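Order of listing sets the numbers, starting from 1, for every ligand and every atom in it. Heavy-atom basis, side chains included; hydrogens, waters and symmetry copies ignored. The structure presented is a predicted model; accordingly, all values stated were derived computationally and were not measured.
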Amino acid sequence: MSESDAKGLWSGRFSEATDAFVAAFSASEHYDRRLYREDIRGSRAHARMLADCGIISADDGAAIDAGLQAIEAEIEAGGFPWDPALEDVHMNIEARLTQRIGEAGKRLHTGRSRNDQIATDIRLWLRTVIDGNLALLRRFQAGLVDLAEREVDTVMPGFTHLQVAQPVSFGHHMLAWYEMLVRDESRLHDVRRRANEMPLGSAALAGTTFPIDRDQTCAALGFDAPTRNSLDAVSDRDFAIEFVSAAALTMTHLSRMAEELVIWASPLTGFIDLPDRFCTGSSIMPQKKNPDVAELVRGKSARVQGALHTLLTLMKGQPLAYNRDNQEDKEPLFDAADALRDSLRAFADMVPA
Ligand code: ARG
């Protein structure tokens, strides 16, 4: 796809091509391509609804659906021609669709804008991410409960001010960790519930005059309800902020646990012996067994806190409705989600049920 074809998607009234630096500066496909599955899922539901409502023909609807399925397979096989000149994941997929099935491909965008499309994609993506993190949280919790049962009679010092205070059961200590994770779990459920509304139909900001059926796309995509206000639905990213906030708090808990592991694994206390496969050594200091995984989790909590700060600041100056600032939401959101997933997995693996 050449740059002039790409520009054709929105530049009807423009008399000069986009500056090359500006095109590169605006492109997000190198990171938002991660949303391709959600983007295609949303587009298939939208196209089917358009056909069912008689807004596009049944033939066009079928061609769009088959084309989108073929594109998904092409992306998964690694053969999709991603093109930064096409800005983002949405325009890359839509341009490819038109290349494959012709004019019908352009009708997919009827009654829709990239603004409600991206708001929908992120929510769909976040739902899956939350479900994955909930499963990891539950695995870690189960490991802690088992460990607490096995070690109920193991006595260790309980600390305040890191001074030896009173004897406690190691099981008791593990269940303190468990309680933190129970609250983390309930926060994620909360975020999921509020995020699970469908923006489609909001279009660019003020809805669409096409007689669309939002209830149909809402049900097809598994959302609880369509969003109620179009200006709000395309612009606010509070659901992403809530998720990263819940993630930052979970990471703070994991960081505290990591700190305890570091202290307990140090020969200064020698309370625990971490499995070799979670540690590294040193060739010139063979006595050392470094608790790297715990340290990395403690370190990763910093980037999730940073992501929360980024997203809050990103949002605070934005007037209604959609602003391009919001394109900057994805990298911190993805980064926080990855750090949370990997850290939960590390702990769940270290404390197996
Ligand atoms: N890439 C954009 C984002 O992430 C999608 C929406 C673009 N909309 C627009 N009017 N330029 O927010």
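For the pair Arg237 and ligand 1, the shortest N or O to N or O distance does not fall below 3.5 Å. At least one N/O-N/O distance between Lys330 and ligand 1 falls below 3.5 Å. Between His90 and ligand 1, no N or O atom pair is found at a separation short of 3.5 Å.
A salt bridge links Glu94 with Arg112: at least one charged nitrogen is closer than 4.0 Å to a carboxylate oxygen. For the pair Glu103 and Lys106, the salt-bridge criterion is met [side-chain N within less than 4.0 Å of a carboxylate O]. Asp342 and Lys300 are not joined by a salt bridge, as no carboxylate oxygen comes within less than 4.0 angstrom of a charged side-chain nitrogen.
Nearest protein heavy-atom contact of atom 10 (N) of ligand 1 is Asn115 OD1, 3.3 Å. For atom 1 (N) of ligand 1, the nearest non-hydrogen atom of the protein is Gln327 OE1, 2.8 Å. The nearest protein atom to atom 11 (N) of ligand 1, hydrogens excluded, is given as Arg114 NH2, 3.5 Å; this is a heavy-atom distance. Atom 7 (C) of ligand 1 has its closest protein heavy atom at Tyr322 OH, 3.6 Å. Nearest protein heavy-atom contact of atom 5 (C) of ligand 1 is Asp88 OD2, 3.7 Å.
Here the side chain of Asp32 pairs a donor or acceptor atom with the backbone of Val89 at under 3.5 angstrom. No side-chain donor-acceptor contact under 3.5 Å links Asp60 to the backbone of Ala104.
Using a 4.0 Å cut-off to heavy atoms of Ser28, the atoms of ligand 1 that qualify are 1 (N).
Atom CD1 of Ile263 sits about 5.0 Å away from atom CG of Leu162, to the nearest 0.5 Å.
Ring-plane geometry between Phe170 and His173 is classed as parallel, the angle between the planes falling under 30 degrees on a 0 to 90 degree scale with a further cut at 60.
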